[in-house]
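So the structure is just underneath, and the comments pick up after that.
Remember, it's 1-based here, ligands and their atoms both numbered in the order they're listed.
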Amino acid sequence: PKQFLIGESCLIIMGELAAEQHAKYILTIEKKKDDVESVLMEHLRINGAYWGLTTLDILGKLSAVDQETVISWVMSCQHESGGFGGNEGHDPHVLYTLSAIQILALFNKIEVLDIEKVSSYVATLQNEDGSFSGDKWGEIDTRFSYVALCSLALLKKLYKINVEKAVRYIVSCKNLDGGFGCTPGAESHAGQIFCCIGALAITGCLHHVDKDLLGWWLCERQVKSGGLNGRPEKLPDVCYSWWVLSSLIMIDRVHWIDKEKLVKFILDCQDKENGGISDRPDDAVDVFHTYFGVAGLSLLEYPGLKAIDPAYALPVDVINRIFLN
Ligand SMILES: COc1ccc(S(=O)(=O)N2Cc3cc(C#N)ccc3N(Cc3cncn3C)C[C@H]2Cc2ccccc2)cc1
Ligand SMILES: [Zn+2]
């Protein structure tokens, strides 16, 4: 085992991050298109591309992919409405539109977009009460508020929507436990809490959050193995290393959890021979948990990983390039 200093304490880790194997795993699944899981994930292939490419960038390996091929495939998923589908020829949805914008941001190629057309597609999804629908079928969920606000912020087109009403709707979904649900009165869940906190962070409205009350609910997600779960009494899962941890960071309460034990939990979920990270130790790996595991380690400042922005879920250097020049 390797030793390295985290903060003041020296930590003996049970085997370190198998970065090379994880990069190889991501690059090979890009090639496999016809095996069963790839077909299952057909409808959200553009999400899978965002998860894989962001993992490669955090590992410092984004140059291993041919960006022209990726960019032309992403653009082939654009619908004439301006929104993006999960794959070529699929119906547009705000979830896939954000993934497209995030992928182009990774390659510093947002300018290939017709920004007016894409931002107008997203803006038309805002409802009278400030909430957002995911697509033309109208389902409302605070997930879509986050995805819409994140998309418009990255395109610098927030002025196209009513931000005050968007914030008011999100605050209307706050529960007595300090958490947030998918609609007003829905129970608190870590995934929805990430979306609501991320949206409030992007709009500069985190003053609406009771940070001690929510921080308490979030730090209670850590179980004795060091992993984080999504709700009380649930099993820990690596993807909550993102939903819970990024929320704790955004409300400045990350010191309320044991970071070293969480690092160890994530490292225990690796397949160190073939690459990839699973939801919990000894389960099957997948690109989703590989991304959220590596992104979680990045939030935990694991050595050798690029820093990721907790609100935008993109590397900090990508965010600086968009907002600071
Ligand atoms: C393996 O059964 C499944 C079940 C559902 C899905 S899904 O609806 O497409 N989706 C994305 C997802 C992708 C992969 C991968 N590769 C694996 C899982 C997973 N889940 C399921 C999951 C993760 N942790 C525990 N659970 C049960 C989340 C879900 C919803 C989601 C979509 C986009 C962004 C965030 C969350 C895919 C596979
Ligand atoms: Zn999971």
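Taking 4.5 Å as the limit, some side-chain heavy atom of Q222 sits within range of a side-chain heavy atom of D258. L155 is listed as a side-chain neighbour of L113, based on a closest heavy-atom distance under 4.5 Å. For the pair I266 and L300, the minimum side-chain heavy-atom distance is below 4.5 Å. Side chains of Y169 and F132 form no contact here, defined as non-hydrogen atoms less than 4.5 Å apart.
Note on residues 284-294: pairs passing side chain to side chain donor-acceptor pair (under 3.5 Å), not counting sequence neighbours, are Y50-Y291, D237-H289, D286-H289.
Under the 4.0 angstrom criterion, atom 27 (C) of ligand 1 counts as lacking any protein heavy-atom contact. Within a 4.0 Å radius of atom 10 (N) of ligand 1, the protein contributes no heavy atom. At a distance under 4.0 Å, no protein heavy atom can be found next to atom 5 (C) of ligand 1. Within a 4.0 Å radius of atom 14 (C) of ligand 1, the protein contributes at least one heavy atom. Protein heavy atoms are absent from the space less than 4.0 angstrom from atom 30 (C) of ligand 1.
Near F288, with a cut-off below 4.0 Å to any heavy atom, the atoms of ligand 1 are 11 (C), 12 (C), 13 (C), 14 (C), 15 (C), 16 (N), 17 (C), 23 (C), 28 (C), 34 (C), 35 (C), 36 (C). For ligand 1, the atoms lying closer than 4.0 Å to a non-hydrogen atom of V287 are 16 (N). Atom numbering of ligand 1 starts at 1 in the shown order; those under 4.0 Å from a heavy atom of C239 are 24 (N).
Checked against a 3.5 angstrom limit, the closest N/O atoms of W243 and ligand 1 fall outside it.
Counting all heavy atoms, side chain and backbone alike, K211 lies closest to R253 at CB-NH2, 3.5 Å.
Nearest protein neighbour of atom 22 (C) of ligand 1, counting heavy atoms only, is H289 CE1, 4.5 Å. Closest protein heavy atom to atom 33 (C) of ligand 1: W51 CZ2, 3.9 Å. The protein heavy atom nearest to atom 37 (C) of ligand 1 is M41 SD, 4.0 Å. The single protein non-hydrogen atom nearest to atom 17 (C) of ligand 1 is D286 OD2, 3.6 Å, given as residue, atom name and distance.
The side chain of D237, and not its backbone, has at least one atom closer than 4.0 Å to an atom of ligand 1 (non-hydrogen atoms only; side chain from C-beta on). Of all the heavy atoms of L44, the ones lying under 4.0 Å from any atom of ligand 1 belong exclusively to the side chain.
Relative to the six-membered ring of W243, R221 misses at least one condition, a distance below 6.0 Å or an angle of at most 45° to the axis.
K160 and S120 are linked by a side-chain donor-acceptor pair at a separation below 3.5 angstrom, with hydrogens and angles left out of the test. Between the side chains of D271 and N274, a donor-acceptor pair is found at a separation under 3.5 Å. Inspection of the H90 and E42 side chains reveals no N or O donor paired with an N or O acceptor under 3.5 Å.
Every residue two or more places apart in sequence or in another chain that forms a side-chain hydrogen bond (donor to acceptor under 3.5 Å, both in side chains) with S99 is listed here: N47. A search for side-chain hydrogen bond (donor to acceptor under 3.5 Å, both in side chains) contacts involving K109 returns nothing, not counting sequence neighbours.
In the hydrophobic cluster analysis, where Ile, Leu, Val, Met, Phe, Trp and Tyr join through side-chain heavy atoms closer than 4.5 angstrom, I140 is grouped apart from I170.
Within the protein, the number of N/O/S atoms found under 2.8 Å from the Zn ion (ligand 2) is 4.
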